[in-house]
Every structure is written in structure tokens, then in C-alpha cells.
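What follows is a set of notes on a single structure, which appears directly below.
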Amino acid sequence: MKRVIVTGGAGLIGSHLCRRLLKEGNDVVCIDNFYTGSKHNIADLISNPYFELITHDVEESLMINASEIYNLACPASPVHYQKDPVKTVRTSVFGAINMLELAKKTNAKIFQASTSEVYGDPSEHPQKETYWGNVNPVGLRSCYDEGKRCAETLFFDYWRQFGVRIKVARIFNTYGPNMSIEDGRVIGNFILQALKNEDITIYGDGTHTRSFCYVSDMVDAAVRFMKLDDSVTGPVNIGHTQEISMNELAERIIRLAGSKSRIKYFPLPENDPQKRKPDTALIEKMTGWRPVTGLEEGLKDTIKYFKELNR
Ligand code: NAD
Ligand code: UDP
């Protein structure tokens, strides 16, 4: 039985990843400070003898023996990562150093949840792993974008300098059950607004795009990637290639939720990327992975989840 650490295990992706790893027969240690994650997301795992929760901030070092580490701890929603930007940088950078040090000491293989935000507001479309990005280093999103870019740098330097076994994945927009009600990201906001028949808040003119991946598909790709030979380091894109504008997304959620909401437009936040879509040829070639959940089906599941939460 392998012992696997998941930092950020009480968040959206982490809570699904913990379940998947337990299902595969691993001993799972979830490390979280509940900055954006919730005990509700892992409540059913607490009584599992193969699941352990450690309330801990990854800014601080810790010593646990494990054979694998998935480093997911970091607020991911612009609302949350901009609330205390210095803390966001500390989480990304000190968190990466602390987890890499742990991997170095214990010879664990380590996965980094990087992000499509390393591409910034991209001038290349779709984005390939070879693209170096277009990131403002001094804007409102920089604490997250540059924090994650620095974390990638650290991963590759620990690999080159100390031979740490790394797997760096660039995660594109991911959604699904266990998103926090206060998350603030677009799918959660639109669904909550639609369920309450409130105005749907589109920032900008709604023509800008994203490509949304359902959380179980994301977790499946991450686990497959982690299983590859040690010579494979990434970075590799993981995400869905179905691109949709925010106008279309709003209309679709209104329809699926059977809502009477109307769309209202607000200013676009600074440096908000105009378009985003991954080139996923690499992850598909290396692992045979393909997302199996389409947007319609994934949105229906997520709407159902939020409906039950609101009950
Ligand atoms: P989330 O906010 O739901 O989960 C993040 C988890 O990390 C939470 O449980 C939170 O409490 C925990 N955390 C935050 N700071 C911490 C700290 N200092 N110490 C310990 N725990 C801490 O976000 P998510 O969507 O599940 O994202 C998980 C990871 O994937 C993040 O690293 C994020 O940057 C990355 N990612 C997510 C997306 C996405 O669309 N969901 C896209 C790109 C990258
Ligand atoms: N957005 C929006 N209304 C909202 C929340 C977000 O129009 O209530 C927009 C946001 O400006 C961005 C897109 O939706 O263009 C995706 O935002 P999200 O915060 O989900 O993630 P991002 O990809 O920007 O990190």
C-alpha cells in the first residue's frame, strides 16, 4: 500500500483526488488549512482508516513519510487569491519549497498543480506547453500567475539540482461538485444566481472564452500522468478543449437550471484573459486520456449539487 499526500485535499479537485486515490488502495494523507476548502468536502472520508487529515499551512514545513505527493494547496479563484495576494505568493512559493524539500528527504515523487494562468492573456491559441506566456508581473492576477510560474521554476530546479522526481501539470478551468458556494469562479456564480433567479453577472461583453473540464476527468488525467515513467516531468496541459464564451455559458446555465434570470454586464477585471483553450495532444499521447464528461452533463451534475446544498 502506497502512502500518498494530497495538499489542498479539502478543496474542489483535492477532495475528488483523495477519493480516487483511496479507491485505488492507497493510504491518503490530506493536508489543508481550510483557507478555501471545507470539512464538508471530506466529511465522509474522516471515518476511513486509510484517510488521515492534517490541518496544516503549507507555508510551514512538515515531515511525513510518503511515496507520492500531490501539491494542490493554493486558492484558485481570483476572488480568493486576490484577497490576500502576499499570502497567495507565500502559499505557492513557500508551499512548493516545503513540499519539494519533503520529496527530496523522503524520495517521494511529486505532482505540482500548476495552471493555464502561466500563459497569462495568451497570444498563442490554443495554448501549447512550448508557449512561454504573456503575463503581467505587476497586476492584480500576478500574485497567482507569477507565484505558480515561480513554483514551476522551483520544481524544475529541484529536478535538475537534486534529482527530485517531478510531474508538473498545467490545469485549465475545472469545475464540479464540491466547489465552494463562496468560490466566486464563473460556473459557481452563474449556477447560484440562476437557482435564485437573480441577475447573471457577466464581466466584460461576454465574448471572452474559457474551456471547462469536469473534475473527475481532471483527476483521472492527473493520476494517469503521475503513473508515467520518472523521465516524464511535464509541463503538460490538462483540460477540456471545448471552448465556450461567457455569454453562451450563461445562456446554457439559465436553460439547464430552468431559471428566469437575466444577464447583466459589469466591467471586465484587469488582465482578465480574452481566450483560453488547451492543446492537449501531449497528455493524450502519453496516457491515452480523454475527457469523458461533456459540458452539458457536467453542468447538470453541478447544478444538482448546488441545489442540494441550498436545500
Ligand atoms: P480550491 O480553492 O477548491 O482548493 C484549494 C485547497 O487548498 C483548499 O482546500 C484550501 O483550503 C487549500 N489551501 C489553500 N492555501 C493553503 C495553504 N497555505 N496551506 C494548506 N492548504 C491550503 O481550488 P481547486 O480548484 O481545487 O484547485 C486546486 C489546485 O489546482 C490549486 O493549486 C489551483 O491553483 C490548481 N488549479 C485549479 C484550477 C481550477 O479551475 N479548478 C485551474 C488551474 C489550476
Ligand atoms: N466571470 C464572469 N462573471 C462572474 C465570474 C467570472 O463573467 O461572476 C468571468 C471572468 O471575468 C473570466 C471568466 O468568467 O473572464 C472565468 O472566470 P473564473 O473566475 O471562473 O476563472 P479564470 O479563468 O478567470 O481564472
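Counting starts at 1 for both ligands and their atoms, in listed order.
The single protein non-hydrogen atom nearest to atom 38 (C) of ligand 1 is Ile171 CG2, 3.8 Å, given as residue, atom name and distance. The nearest protein atom to atom 18 (N) of ligand 1, hydrogens excluded, is given as Asp57 OD1, 2.9 Å; this is a heavy-atom distance. The single protein non-hydrogen atom nearest to atom 19 (N) of ligand 1 is Val58 N, 3.0 Å, given as residue, atom name and distance. Nearest protein neighbour of atom 4 (O) of ligand 1, counting heavy atoms only, is Gly11 CA, 3.4 Å. With hydrogens left out, the protein atom closest to atom 2 (O) of ligand 1 is Thr36 OG1, 2.6 Å, a heavy atom. With respect to atom 29 (C) of ligand 1, the closest heavy atom belonging to the protein is Leu72 O, 3.3 Å.
Each of the following atoms of ligand 1 lies closer than 4.0 Å to a heavy atom of Asn173: 40 (O). Counting atoms of ligand 1 from 1 in the listed order, those under 4.0 Å from a heavy atom of Phe34 are 11 (O). Here is the list of ligand 1 atoms found below 4.0 Å of a heavy atom in Tyr144: 33 (C), 34 (O), 36 (N), 43 (C), 44 (C). Atoms of ligand 1 lying under 4.0 Å from at least one heavy atom of Ile13, given by number and element, are 26 (O), 30 (O), 37 (C), 41 (N). Distances below 4.0 Å separate heavy atoms of Lys148 from the following atoms of ligand 1: 31 (C), 32 (O), 33 (C), 34 (O). Applying the 4.0 Å criterion to heavy atoms of His56 picks out, from ligand 1, the atoms 19 (N), 20 (C).
Within the 4.0 Å heavy-atom cutoff, Thr7 does not count among the residues contacting ligand 1. Ligand 1 lies less than 4.0 angstrom from a heavy atom belonging to Ala10. The closest approach between a heavy atom of Ser114 and any atom of ligand 1 is below 4.0 Å. A heavy-atom separation below 4.0 Å is not found between Tyr175 and ligand 1.
Note that CG of Asn189 and OG of Ser77 are 8.0 Å apart. Values are rounded to the nearest 0.5 Å. Here OH of Tyr70 is found 10.0 Å from CZ of Phe225. Values are rounded to the nearest 0.5 Å.
Side chains of Ser114 and Glu152: a donor on one and an acceptor on the other come within 3.5 Å. In this structure, a donor-acceptor pair under 3.5 Å is absent between the side chains of His80 and Gln82. Checking Ser15 against Asn178 by side-chain atom types alone, a donor-acceptor pair falls below 3.5 Å. Donor-acceptor pairing under 3.5 Å is recorded for the side chains of Asn136 and Asn271. Between the side chains of Thr7 and Asn71, at least one donor-acceptor pair of N or O atoms lies under 3.5 Å. Checking Tyr214 against Asp301 by side-chain atom types alone, a donor-acceptor pair falls below 3.5 Å. A side-chain donor-acceptor contact under 3.5 Å links Glu101 and Tyr158. Under 3.5 Å, the side chains of Glu243 and Thr209 contain a donor-acceptor pair of N or O atoms. Using modelled atom types and a 3.5 Å distance limit, the side chains of Tyr131 and Ser123 yield a donor-acceptor pair.
Taking all heavy atoms of Gly8, Cys74, Ala76 into account, the minimum distance to atom 5 (C) of ligand 1 is reached by Cys74. Counting only non-hydrogen atoms, the option in Cys213, Ala113, Gly37 that gets closest to atom 35 (C) of ligand 1 is Ala113. Here the shortest heavy-atom distance to atom 24 (P) of ligand 1, taken over Met218, Glu60, Arg185, Met179, belongs to Arg185. Of the candidates Asn71, Asn33, Thr174, Asn33 brings a heavy atom nearest to atom 13 (N) of ligand 1.
Residue contacts with ligand 1: Ser116 is placed with no nitrogen or oxygen under 3.5 Å of a nitrogen or oxygen of the ligand (distance criterion only). Taking any N or O of Asp32, backbone or side chain, at least one lies under 3.5 Å from an N or O belonging to ligand 1. An N or O contact shorter than 3.5 Å links Leu12 to ligand 1 by distance.
The salt bridge (Lys or Arg N to Asp or Glu O under 4.0 Å) search around Asp205 returns none, not counting sequence neighbours.
Under the 30°/60° scheme for interplanar angles, the aromatic rings of Tyr175 and Phe212 are found to stand perpendicular.
By the 6.0 Å and 45° rule, Lys104 stacks over the aromatic ring of Phe162. A cation-pi arrangement is absent between Lys128 and Tyr119 under the rule of less than 6.0 angstrom and at most 45 degrees off the ring axis.
Ion pairing of Arg141 with Asp272 is present here, as a side-chain N (NZ or NE/NH1/NH2) and a carboxylate O approach within less than 4.0 Å.
Within the 4.5 Å cutoff, side-chain heavy atoms of Ile238 are placed close to those of Met218.
Nearest heavy-atom pair, Cys74 versus Tyr144, reported as atom, atom and distance to 0.1 Å: SG-CE1, 3.9 Å.
When non-hydrogen atoms are compared, ligand 1 lies under 4.0 Å from neither the backbone nor the side chain of Ser77.
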Which N/O atoms of ligand 2 sit under 3.5 Å from a protein N/O, and at what distances?
from     : atom 1 : to     : atom 2 : distance (Å)
ligand 2 : 3 (N)  : Thr201 : O      : 2.6
ligand 2 : 7 (O)  : Tyr203 : N      : 2.8
ligand 2 : 8 (O)  : Asn189 : ND2    : 2.9
ligand 2 : 8 (O)  : Thr201 : O      : 3.3
ligand 2 : 8 (O)  : Thr201 : OG1    : 2.9
ligand 2 : 8 (O)  : Tyr203 : OH     : 3.4
ligand 2 : 11 (O) : Asp272 : OD2    : 2.6
ligand 2 : 15 (O) : His208 : NE2    : 3.0
ligand 2 : 15 (O) : Arg210 : NH2    : 3.3
ligand 2 : 15 (O) : Asp272 : OD1    : 2.6
ligand 2 : 15 (O) : Asp272 : OD2    : 3.3
ligand 2 : 20 (O) : Val186 : N      : 2.8
ligand 2 : 23 (O) : Asn173 : ND2    : 2.9
ligand 2 : 23 (O) : Arg210 : NE     : 2.7
ligand 2 : 23 (O) : Arg276 : NH1    : 2.7
ligand 2 : 24 (O) : Arg141 : NH2    : 3.0
ligand 2 : 24 (O) : Arg210 : NH2    : 3.1
ligand 2 : 25 (O) : Glu117 : OE2    : 3.4
ligand 2 : 25 (O) : Arg141 : NH2    : 3.1

